[in-house]
Amino acid sequence: MARGSRADRGGQVLARVAVVVRAGAAPLWWLGILAAGAGMLVPGLTGRRIGALAGAALFLAAAVVVACVRRRRYRDLAQGASRAGRYDLLQDRAVSLRVWRRRHLWWLLPAFLAALGSSFALPAAGGMLLAGTGVGLWLKAAWLGRLERSEDALLWVRVDWLDKRGGNPAGKAVRAYRTTGIAAGDAAPGGARRRAALARSAA
């Protein structure tokens, strides 16, 4: 059925919650690693050793905070979720990732430059902070995956309820999630590519 006919019949475009959450994980991780590696080439005001130690602390703090923040909100939305309608359109994983990354480009680039610049004070610390944020998003997506498996249902959010950058799937505008069976869509629980997840389970 054509996309337009679904919309005409009252269907909504839905994006996977876990996919939106993990959309920024890879860019933040790789930009952070790149910034940290470049930062280690600069002695900085504090020296490389102190910069690396501070970076490790920032990495761990960022990963824990990002992974844990707003979990109650996600859980409440999941508990109040309703079944997706017959005419709802499930957005492909690649589309959700592309929308998030394109609309966050002008936030990611300044963050990368700021991480590089901070190396003149604390070598590698800014990059490790970015990388830790990316890891935190992966951990949060993995937690959502466990939640989906425990309920045997995938969580979806209306695209028009996301923010203008295509993110924040637990924001104030989001009133409820919708659910589908565990096999719906092209992303496994937690938002990973379904083919990759099947390969890991086979191994």
Side-chain angles (χ1 to χ4, degrees), residues 15-75 93-94 96-148 155 162-172 187-193 196-197 199-200 203:
R16 277 289 303 285
V17 175
V19 170
V20 176
V21 167
R22 69 183 285 146
L28 287 166
W29 166 259
W30 288 113
L31 288 175
I33 292 298
L34 182 59
M40 289 302 291
L41 301 176
V42 181
L45 297 176
T46 61
R48 294 185 181 89
R49 182 173 178 275
I50 293 178
L53 290 174
L58 289 172
F59 177 92
L60 292 174
V64 170
V65 170
V66 172
C68 295
V69 70
R70 307 195 77 182
R71 281 195 179 189
R72 182 175 180 179
R73 170 70 171 159
Y74 283 97
R75 191 179 286 111
R93 178 181 184 273
S96 298
L97 294 178
R98 185 167 61 248
V99 168
W100 190 100
R101 292 171 183 176
R102 185 177 66 244
R103 295 181 180 176
H104 282 79
L105 178 63
W106 298 111
W107 177 87
L108 291 170
L109 289 178
F112 172 69
L113 294 176
L116 278 178
S118 70
S119 294
F120 290 99
L122 279 171
M128 295 296 286
L129 176 62
L130 280 185
T133 302
V135 169
L137 291 174
W138 266 317
L139 293 174
K140 179 175 286 183
W143 171 77
L144 284 167
R146 292 192 295 273
L147 184 63
E148 289 176 323
L155 298 172
L162 298 175
D163 64 21
K164 63 182 180 180
R165 294 188 177 92
N168 201 9
K172 291 183 179 179
R193 284 182 295 181
R200 285 196 298 271

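Contact check for Arg165 versus Trp106: no side-chain heavy atoms found under the 4.5 Å cut-off. Side chains of Val99 and Leu162 form no contact here, defined as non-hydrogen atoms less than 4.5 Å apart. Taking the side chain as every heavy atom from C-beta outward, Asn168 and Arg70 approach each other to under 4.5 Å. Counting heavy atoms from C-beta on, the side chains of Pro169 and Tyr74 come closer than 4.5 Å.
The closest donor-acceptor contact from the side chain of Arg22 to the backbone of Ala141 lies at 3.5 Å or more, if one exists at all. Arg93 places no side-chain N or O within donor-acceptor distance of the main-chain N or O of Ala188, the cut-off being under 3.5 Å. The main-chain N or O of Pro123 is never found under 3.5 Å from a side-chain atom of Arg48 such that the two would form a donor-acceptor pair.
A distance of 12.5 Å separates CE in Met128 from CG in Leu122, rounded to the nearest 0.5 Å. A distance of 5.5 Å separates CG of Leu108 from CG of Leu28, quoted to the nearest 0.5 Å. Separating the CG atom in Leu116 from the CG atom in Leu34 is a distance of 7.0 Å, to the nearest 0.5 Å.
The two residues Val66 and Gly136 make their nearest non-hydrogen contact at CG1-C, 3.7 Å. Residues Ala170 and Arg73 come closest through the heavy atom pair O-NE, 3.1 Å. Shortest non-hydrogen contact noted between Gly39 and Ser119 is CA-OG, 3.1 Å. Considering every non-hydrogen atom in both Ala18 and Gly190, the closest pair reads CB-C, 3.4 Å. Closest non-hydrogen pair, Ala36 versus Ala124, comes out as O-CB, 3.6 Å. Smallest separation of non-hydrogen atoms from Val69 and Lys140: O-NZ, 2.9 Å.
Of the listed residues (Leu139, Thr133, Leu137), just one forms a side chain to side chain contact (heavy atoms under 4.5 Å, CB included) with Val135, and that residue is Leu139.
The ring-ring contact (aromatic ring centres under 6.0 Å, His included) search around Trp100 returns His104, not counting sequence neighbours. Shown here are the side chain to side chain donor-acceptor pair (under 3.5 Å) partners of Arg103, two or more places apart in sequence or in another chain: there are none.
In the displayed structure, Trp29 atom CH2 is contacted under 6.0 Å by at most 12 heavy atoms of other residues, nucleotides or ligands.
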